[in-house]
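Residue numbers begin at 1 in each chain, while the letters A, B, ... track the order of the sequences.
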Amino acid sequence: MDKAYTALQHDLKWQKHWDKYNVAAPETVAQKHSKPTGKTFTIMMPPPNVTGALHQGHALFLALQDGLCRWRRMCGDEVLYLPGSDHASIAVQMLVARDLESKGINYKEIGREKFLEECWQWVKVYQPRIFSQMKSMGVTCDWSRVKFTLDDDLNDAVTHAFVTLFERGYIYRAQRLVNWSPKGQTVLSDLEVLFEERQTHLWNIRYYRSDDSTKYLVVSTTRPETLLGDSAVAVHPEDERYKDWIGKKLKLPLVDREIEVIADDFVDREFGSGAVKITPAHDFTDFEVGKRHNLQLHNVFTPDAKIVEGLSGEASSLAGLDRFDARKKIEARLEELKLLEGKENYKTRIGFSERWNDVVEPYLSNQWFCKMDSMAKAVSDDAKEGKITFTPQEFYNQFQRWMEDTKDWCVSRQLWWGQQIPAYHCKSCERFMVQRTVPEKCEHCGGVDLFQDPDVLDTWFSSGLWPFSTLGWPNEEAPDFKKFYPTQILETGFDIIFFWVARMLMMGRELTGKLPFDRVYMHPMVRDEHGHKMSKTKGNVIDPIDLIEKMGADTLRITLNALCVQGRDMRLSESKIEGYRNFINKVWNAVRFVLSAVESNSDPKWIQQRPQPGDMPSKWLMSRLDAVSRDVNKRWDEFKMQEGAELLYHFLWDDYCAWYLEISKTDKSKYSHVLVYVMSEYLKLLHPVCPHVTEELWHEMNGVSSEQTLALEAFPQGDSFPDSTAIAEFDFVAEFVKSIRNIRSENGVKPSKKIPLYIPKLDEKSSKILKENKDWFVSLCGVSDLSFSPAGTEAVATIVVNSITTSESFEALIPLSELVDVKEEITRLTKEIEKLSSYFDSQTKKLSNKSFVDKAPPEVVEKEKLKLEEIQGKLEKTKAALLSMEKMA
RNA sequence: AGUCGUUUAGCUCAGUUGGUUAGAGCACCUCCCUUACAAGGAGGGGGCCCACGGUUCGAAUCCGUGAACGACUACCA
């Protein structure tokens, strides 16, 4: 074995091994696991964008999900971890269009069919890339069941879902004000609009009365260019200033049109002048106001946000002007006409499109919508009844708040890449049909001139079906659907809780009659060490692929697990990653040592047979192993990945290496069985987070045939009772060792130097334990000779040690000649006394407090009393030691 | 504006139902190349647990109030 672990040599080998052995297939568990539970455990992988490259967010969910899957699989569940990728309608369409543009091709000119061919070319190139990057993490997802959201069967599921929802009255077509991206020339859902605070202006514009050109109202707006589409000016009905104005006509600037002053109590009297221009075709609030007052809609923009042709008055000259140029021109013109009262600096939130990053325009258009309220209510009620649990819990509130106030979901997009809407329009009667198959004639008028709706569905529509469309739905008799649906856990980032999680729950419940999962686990966002978002422009990206190449997939996996705390962003840094790289190396070297210790006896049966040790340290380690096994199972069940990883880290480093492994050096044959058995069990515990190195080491140790895999060994559950006697005895000796190491170090005694130790007086129990464990005790603290007798006439340094019998302490003596300096020893003792004194004082105070003694539970008081006695004894002995030391000096 | 979250060692963070002289990793200091590992070993220093009130025998932990930071939601033109 090499001196250090080099992941590169091993990662790929074991990934191939798991493939060959078909570890990821749920069927394999049933065949090969020694203790199958007969239960299924299913996680649907959140499908990454087909053109994406692996980033830390992916790495995190892969590490967590595969960890959970490997753990459940080893526990005997038939685990299905189903992988896939998402066609990412907007993102891919944009990339492909941009790519074509760079070749001088306008995608609109080549037509839909040709363009889609181009998109599929991209899928061919990029899908294998993201999949192979995912595989390099060592994930055990079942690639034989891999899905792409545009696969034929998933398309069928989408059609079926759309038609079913239409038939049930959820899906409808309507003309509405929607979020429109002029650059993308498509509608966007509310969720795809990102708001940012921007510094802009508030323009105050005069609107003159038609009947009296001396009177005017001042209207404040952030969008002067939309005044071309104004339908009214609104004031508050109880605003004294404007009572007489209600019902009066105003002359709209630049446009040859009159508008009325209306009253509506949505108006905030305090804001601006208290008069608001109403532009129902270009503002969501105004649209609602317009509906209430039956106002006309005046659309003044083309789909690419230029001023339309055919406006009246001087506005007609603005036709074809971009909305922002129009703003400037209108501002200048208003100024000339003395209609501009002024413009103030103003901060406001502006909506940008997620993909094109252009300013989203509220725009009037015909779109397909999905009614949300009743579906949302049903899921919300389920959540209230505890049928869906969220971890961390904070997300429950956020989820509920959103579910209680859903707006209808605009599901159509004016794009080509995606599932085309299964609606067919009749050219003769202009009505449409929604159905699963292509119709031959119009059901309304019998016309045969039909065409399919050109729009595609929002990507999230197909994603919303992911937990069941991947399993064969709508065929509810499909074997996978019957066996694996509903799934167990949905694990993803909180940024898509509404986009994805909520929609899966609603659509799953409506279409399959069952919630698609009952546990939702939201992982944190990965940030850099200072808490900043990783981005290429900032140059603070820690690329998972680089990391895997440099340090191995296991280092990345355990790091992400260990840093994954609930309810806080994760800060990743090189130094943290190195820490876990070092840890893996530690495991590696521990096994190197173990192998050297058991060379002569490496029969796998012997290794894996649980030992029944008689000695105390071995009983202690076995107890620790069981405790850690129990705790790890418990933590992972609660999604406390960080705590699980921490337990595994410290058990190996502290308990196993720092203590037991060092103890075993004093008698290799005596300790070898426990040494090797515990390591073998430990490798199983660690396997879900560090699959490669543990598999390698397990094979090294057990010398098992290549036909076996650690991935299917039974996960330790820690069933036996803890040996509390061994634990107490071990702690006693370990504390003793530490205090001797301390006095040596404080006095500058070289580690190589052995010193004698005298214990003049000791209670029977402690004495028995020390004698039984003398060999390793003296070895670990560098004592040459331990005698249970006074130190003779020599001057000595005194260590006061807690006895195994609580509340008692005893003295251990080291001839002063062995130590460097009397002064150092005085300093050490003085420090010790200071510590003990303050402890003693606070303890005395606590116990002399009557209300404490009276009101605290008796067992607590008793415990505190024992503590006090122990401190007192120790303090007195230490003081005596200091006194004699001072005499000497 | 509202809702929620965070605030603990120089840095990044743990801390279950209130009973701890408050823990970890990294960084720091001293010593050690002891034959698994220097990606290591032994020891050590370092904290009015954001502030102020309250509940309690007892508060980092529970309850107020406030501050700072962050997230989400929202129709102030």
Side-chain angles (χ1 to χ4, degrees), chain A residues 1 3-5 195 202-203 219-223 226 234 266-268 270-279 283-289 346 348-349 392 394-395 397-398 401-402 405 494-495 497-498 525 529-531 551 562-563 565 567-576 578-597 638 640 642-643 646 649-650 657-658 661-662 665 738 741-746 748-752 779-782 835-836 838-843 846 849-857 859-861 863-864 867 871:
Chain A
M1 275 174 85
K3 202 169 164 184
Y5 176 59
F195 287 94
L202 197 59
W203 286 265
V219 166
S220 303
T221 181
T222 51
R223 297 203 59 194
T226 63
F266 97 96
V267 177
D268 177 358
E270 309 298 316
F271 189 89
S273 62
V276 193
K277 72 188 203 61
I278 304 297
T279 322
D283 183 279
F284 290 103
T285 316
D286 294 2
F287 184 78
E288 295 303 316
V289 177
Y346 191 68
T348 191
R349 279 162 31 103
E394 292 96 86
F395 291 107
N397 290 332
Q398 205 172 304
R401 222 169 340 112
W402 193 74
D405 185 31
F494 59 82
D495 48 331
I497 185 169
F498 307 135
M525 180 99 84
E529 59 185 317
H530 306 294
M551 301 196 190
L563 299 182
V565 298
R568 220 191 249 235
D569 287 343
M570 172 187 298
R571 298 194 181 184
L572 197 60
S573 69
E574 297 277 354
S575 73
K576 286 176 186 171
E578 272 171 27
Y580 291 102
R581 190 263 325 257
N582 295 353
F583 166 74
I584 288 172
N585 190 50
K586 188 81 180 172
V587 180
W588 177 264
N589 276 289
V591 172
R592 281 215 306 150
F593 174 83
V594 170
L595 287 179
S596 74
E638 296 164 349
K640 292 184 176 166
Q642 185 257 352
E643 290 182 31
E646 189 125 305
Y649 183 100
H650 284 108
C657 291
L661 194 147
E662 293 302 324
K665 286 177 182 173
K738 280 192 221 164
R741 283 173 174 174
N742 173 264
I743 195 174
R744 291 177 57 114
S745 186
E746 298 272 293
V749 179
K750 298 257 172 197
S752 50
S779 159
L780 261 58
C781 53
K835 253 196 218 165
L836 285 168
S838 78
Y839 194 5
F840 178 78
D841 289 346
S842 78
Q843 204 64 14
K846 194 183 257 182
N849 183 348
K850 240 202 184 130
S851 33
F852 171 72
V853 183
D854 291 348
K855 292 186 183 173
E859 64 270 19
V860 173
V861 178
K863 214 173 106 191
E864 298 298 322
K867 245 194 239 169
I871 302 160

Output the rounded distance in Å from [atom1] ([X]) to [atom2] ([N]).
{"X": "Asp283(A)", "N": "C75(B)", "atom1": "CG", "atom2": "C1'", "answer": "7 Å"}
{"X": "Leu780(A)", "N": "G41(B)", "atom1": "CG", "atom2": "P", "answer": "13 Å"}
{"X": "Lys855(A)", "N": "U55(B)", "atom1": "NZ", "atom2": "P", "answer": "12 Å"}
{"X": "Phe494(A)", "N": "U73(B)", "atom1": "CZ", "atom2": "C1'", "answer": "14 Å"}
{"X": "Lys738(A)", "N": "G43(B)", "atom1": "NZ", "atom2": "P", "answer": "8 Å"}
{"X": "Asp268(A)", "N": "C76(B)", "atom1": "CG", "atom2": "C1'", "answer": "6 Å"}
{"X": "Phe498(A)", "N": "A71(B)", "atom1": "CZ", "atom2": "P", "answer": "15 Å"}
{"X": "Tyr346(A)", "N": "C76(B)", "atom1": "OH", "atom2": "P", "answer": "8 Å"}

Which one, [options], comes nearest to the side chain of [X]?
{"X": "Phe852(A)", "options": "G40(B), A39(B), G19(B)", "answer": "G19(B)"}
{"X": "Lys863(A)", "options": "C37(B), A77(B), U20(B)", "answer": "U20(B)"}
{"X": "Pro857(A)", "options": "C75(B), A77(B), C57(B)", "answer": "C57(B)"}
{"X": "Asn585(A)", "options": "C57(B), C37(B), A36(B)", "answer": "C37(B)"}

Rounded [atom1] spacing from [N] to [M] in Å:
{"N": "G47(B)", "M": "U20(B)", "atom1": "C1'", "answer": "14 Å"}
{"N": "A24(B)", "M": "G64(B)", "atom1": "P", "answer": "33 Å"}
{"N": "A59(B)", "M": "G15(B)", "atom1": "C1'", "answer": "14 Å"}
{"N": "C49(B)", "M": "A39(B)", "atom1": "C1'", "answer": "33 Å"}
{"N": "G45(B)", "M": "C29(B)", "atom1": "C1'", "answer": "7 Å"}
{"N": "U16(B)", "M": "C32(B)", "atom1": "C1'", "answer": "40 Å"}
{"N": "U7(B)", "M": "U61(B)", "atom1": "P", "answer": "12 Å"}
{"N": "G18(B)", "M": "A74(B)", "atom1": "C1'", "answer": "39 Å"}

Stems where RNA chain B pairs, listed by first number, each of three or more Watson-Crick or G-U pairs under 3.5 Å:
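Detected stem regions: B:1-7 with B:67-73, B:10-13 with B:23-26, B:28-32 with B:40-44, B:50-54 with B:62-66.
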
Nucleotide-resolved protein contact map, nucleotides 22-35 of chain B, B/S/- at heavy-atom distance under 4.0 Å
--S-S-----S---

Could you run down nucleotides 1-10 of chain B 5' to 3' and tag each one B, S or - for protein heavy-atom contact under 4.0 Å?
--S-SSS---

At less than 4.0 Å, is any side-chain N or O atom of [X] found next to OP1 or OP2 of [N]? Yes or no.
{"X": "Arg571(A)", "N": "C13(B)", "result": "yes"}
{"X": "Thr279(A)", "N": "A77(B)", "result": "no"}
{"X": "Lys867(A)", "N": "U20(B)", "result": "no"}

Verify, without hydrogens or angle tests, whether [X] (side chain) and [Y] (backbone) share a donor-acceptor contact under 3.5 angstrom.
{"X": "Asn589(A)", "Y": "Arg592(A)", "answer": "no"}
{"X": "Asn585(A)", "Y": "Ala4(A)", "answer": "no"}
{"X": "Gln843(A)", "Y": "Glu864(A)", "answer": "yes"}

Which part of the nucleic acid, if any, lies within contact of Asn742(A), taking any heavy atom under 4.0 Å across all strands shown: a base, the sugar-phosphate backbone alone, or nothing?
sugar-phosphate

Compare every heavy atom of Val276(A) with every heavy atom of Val219(A), then report the nearest pair and how far apart it is.
CG1-C, 4.3 Å

Walk me through whether Met1(A) and Leu595(A) qualify under side-chain contact (heavy atoms from CB on, under 4.5 Å).
CA-CA 10 Å; Met1(A) 275 174 85; Leu595(A) 287 179; 3.5 Å; yes

Go through the structure and list residues passing ring-ring contact (aromatic ring centres under 6.0 Å, His included) with Phe593(A), not counting sequence neighbours.
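For Phe593(A) there are no ring-ring contact (aromatic ring centres under 6.0 Å, His included) partners, ignoring immediate neighbours.
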
With Phe498(A), which residues qualify under ring-ring contact (aromatic ring centres under 6.0 Å, His included), at least two apart?
Trp402(A)

So does Arg581(A) reach the base of A39(B) with its side chain, donor to acceptor, closer than 3.5 Å?
yes

Set out, in order, the CA-CA distance, both residues' side-chain angles and the distance that settles side chain to side chain donor-acceptor pair (under 3.5 Å) for Lys277(A) and Thr226(A), then state yes or no.
CA-CA 9 Å; Lys277(A) 72 188 203 61; Thr226(A) 63; 2.7 Å; yes

Pairing residues for Lys738(A) by the side chain to side chain contact (heavy atoms under 4.5 Å, CB included) criterion, not counting sequence neighbours
Trp659(A), Glu735(A)

